[in-house]
Trainee: 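I'd like to ask some things about the structure below.
Numbering of ligands and ligand atoms starts at 1, following listing order. One-based numbering along the sequence shown.
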Amino acid sequence: MLTRLLLVLAALLFVATPHFTVAAAVDDVDWWENAALYQIYPRSFQDSNGDGVGDLQGITQRLAYLKEIGITATWLSPIFSSPMSDFGYDISNFTEVDSIFGTLDDFKALMVQAKSLGLKIILDFVPNHSSDECEWFQKSVNRQDGYDEFYVWHDGKVNAETGEREPPSNWVSVFGGSQWTWHETRQQYFLHQFQVKQPDLNFSNPMVREHMLDVLGFWLDLGVDGFRIDAVPHIYEHRNADGSYPDEPVSGWSSDPDSYDYHDHIYTKDQPDTVELMYEWRDYLLKYEAEHGGETRVLLAEAYSAVETLSAYFGNGTRLGTQLPMNFQLMYLSGYSTARDVVGNIDYWMNTMWANHQTANWVVGNHDTERVSTRMGAHKVDLLNVIVNSLPGASVTYYGEEIGMANVETECTEISCDNRDGERTPMQWAPTKNGDFSTAESTWLPLSTDFERYNVRTERGVARSSLQVFKGLQQLKSSSAFLAFKQEGGFSYEAVTEQVLQIIRTNLRNEEYRILVNMGNKIEKITGLSNKVYEYILVTAYSVHRPGETIDLSESIILMPYEAIVLRWLA
Ligand code: NOJ
C-alpha cells in the first residue's frame, strides 16, 4: 500500500528520484515504444531450398513462430544483392534481393504473410558504404556522368622525406589497417571505414542522399514498417576547408597502430552532419506516413556512441530523428556483472534518454557480439531475458536468444572465416537433422553440438525452459501494467542487494508487478521489500516455487542462485 501511495503522490507532484520515474504524460504509447523486436540473420534462420543457407521462403515459413512467442516486429539483416564479403553488409544493388535469399517475389510473399499474421517487418539499411562491385562504384572509378564524387576520393599526400605517395590521413578502419586504399584505375585513394570491399559513399554529395532516399522509398512502397540503419556514426568524416583530411590523435587504448582502437575517432565518428541526416530520414518517413496513411514507420539506429549523441539522434525538441537509437548497454555485461552493475548500465541510458525523451530500448545481442550464454553463462540467459522484457520500452532479441543458444566454435571454411561466425550459426528448431534448419548435407556454418537440448521443439514441451519463460515475459510485456509506463503508471528499478535486482511495474488500476532477479551464485534472503502479499506469476528454472503460490513480503523472501521471478500484487 505504501508503494502505491508513493507512486500516486509522485505522479501528482511530478517527482522523479534516481532509479524511479513516474510519468504523467497523456500520450498514447505507439507500437514501437513497447515493441518486442526480434533480429533475424537470414542466412541462418531457415533454409527452404536445401542449399545449406537460410532464405526468404524459409523466413516466411517460420513467421508463425514469431507470432507464437509474442514478437511485434522483426528486423532482417541485409537481404540485398551482395558479393557476401561481409555477408550482405557489402551491397551491390540496394533494391534487389540476392539470389541466395530468393527473389523480390519471395519478399513480397513474405510481406503478405507477415501482414496476415500482424507482424511488422524492418529491413536493414546500409547507407555508409556499398560493395566495390556496386555499379555506382564502378561508375565513380571511371568518373562517369555525375558519379565522380559519389565516393570519397583523394590524391593522397607526398612524403617530404621519401618523396613517396601516402594515404591522405592516418585513419584506421574498423576491421584494422588503413581506411584508404589506392585505386589503380582512378589513380586516387578511396575511403572505406570497414573492409576494402566496402567503399564509403560520399554523403556530402546531395546526389548520394537522393539515391538513398529512393532506396528507402522503394522498400516502403513494398510495405516495410521501418529500417535498422547500419553503422550510423561512420556516415560522415571531417574534411578540412582545403580538401585535406586531418590525422586522428592516438587514444592510448591500443599499442597496435593498425588496430581501430589505436586512435580516438574524433574525425571519423559521430560528426555533426550525421545528426542532421537522421532528421532528414525521419522527415522522409513522416512525409511517407502522411501520404500513405497507416502506422508509424520506425528507424532503428546502430550506433555505438555516447548516450548524449544517441539523444541527439533521437531528436532535439523541434526535429525528430531515429526513434530507436539502439541501446547496447546490457550487451556490455559480463559473467561477473552484479545487480549493481546492471543498475549502473540501466542508469546510463535512463538518466539521459528517459529523462530527455521518455524512451527506452534494450538490446540483448546481435550478429556482431557473443551470445549471452557464452558471454555471461548459460544460467544467465533467462535473467537477461527477464530484465530486458521487464524494463519499460522496446526489447530487442537476437534470434536464438529465446532458447538459450550459445556461440559455436567454428573453423575457417571457403564460405566463411569471420571472427563473428560463432554467433551466426543456424537456428535450432528441433532435435533432428541440422536442427530442422536445412535438409542439406552440410550447412554454411555448423549447428551447435548442443542443438538436441536447446531447440524450439524440445523447449516447447519443457516447463520453465528458456522458451517458455520468454513467452511468459511477452504476455506480461503486452499487459496493462507493462504498457502503462508513459500514460498512467510508474516503474522503478534498484539493486536491493549487491546481487539482486528489483524492477517494479505498476499502473493506477491496482496492479503491481515485482520482478526479482538474483544475478549471484548465493542464496539471498531479503526483508523489507513490501508489506503486502504477492502471487508468483512467472518462475525460471532455478526457482523452487510454482506459479500461483503466494508470498508475504512483509516477512522475507528467499531467492535461489540465478533465480528470477515475477510476483503480482492485486488489491
Ligand atoms: C555493422 C554491422 O552490424 C556489421 O555486421 C558490419 O560488418 C558493419 N556494420 C559494416 O557494415
Trainee: Is there a heavy atom of Gln195 sitting under 4.0 angstrom from any atom of ligand 1?
Mentor: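 Flag not set, Gln195 not near ligand 1.
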
Trainee: Answer yes if the ring centres of Phe328 and Tyr304 are under 6.0 angstrom apart, and no otherwise.
Mentor: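 Distance test on ring centres: under 6.0 Å, yes.
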
Trainee: Anything under 30° is parallel, anything over 60° is perpendicular, the rest tilted; go ahead and classify Tyr38 against Phe45.
Mentor: perpendicular

Trainee: Please state which protein non-hydrogen atom is closest to atom 7 (O) of ligand 1 and give its distance, to 0.1 Å?
Mentor: Asp86 OD2, 2.5 Å

Trainee: Are Phe194 and His234 an aromatic pair by the rule of ring centers under 6.0 Å?
Mentor: yes

Trainee: Sub-3.5 Å donor-acceptor pair from the side chain of Tyr332 to the main-chain atoms of Asn345, do we have one?
Mentor: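 No: the side chain of Tyr332 does not pair with the backbone of Asn345.
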
Trainee: Under 4.0 Å from any heavy atom of Arg420, which atoms of ligand 1 are there?
Mentor: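 In order of numbering, the contacting atoms are 4 (C), 5 (O), 6 (C), 7 (O).
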
Trainee: Just jot down the ligand 1 atoms closer than 4.0 angstrom to any heavy atom of His129, in number order.
Mentor: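 Listed by number with element, the hits are 10 (C), 11 (O).
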
Trainee: Within less than 4.0 angstrom of ligand 1, does Phe175 place any heavy atom?
Mentor: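 The answer is yes: ligand 1 sits under 4.0 Å from a heavy atom of Phe175.
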
Trainee: Would you call the rings of Phe190 and His192 parallel, tilted or perpendicular, where under 30° means parallel and over 60° means perpendicular?
Mentor: tilted

Trainee: Is it true that Arg228 lies under 4.0 Å from ligand 1, counting heavy atoms only?
Mentor: yes

Trainee: Where's the contact between Arg424 and ligand 1, heavy-atom distance under 4.0 Å: side chain, backbone, both or neither?
Mentor: side chain

Trainee: Once you measure the plane-to-plane angle for Tyr147 and His211, does it fall in the parallel (<30°), tilted (30-60°) or perpendicular (>60°) bin?
Mentor: perpendicular

Trainee: For atom 4 (C) of ligand 1, which candidate among Asp368, Val174, Asp124 holds the nearest heavy atom?
Mentor: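 Nearest option to atom 4 (C) of ligand 1, by heavy atoms: Asp368.
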
Trainee: So does Gly226 get a backbone contact from the side chain of Trp219, meaning a donor-acceptor N/O pair under 3.5 Å?
Mentor: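 Not confirmed, Trp219 side chain does not pair with Gly226 backbone.
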
Trainee: So which protein heavy atom does atom 2 (C) of ligand 1 come closest to, and at what separation?
Mentor: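 Of the protein heavy atoms, Asp230 OD1, 3.1 Å lies nearest.
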
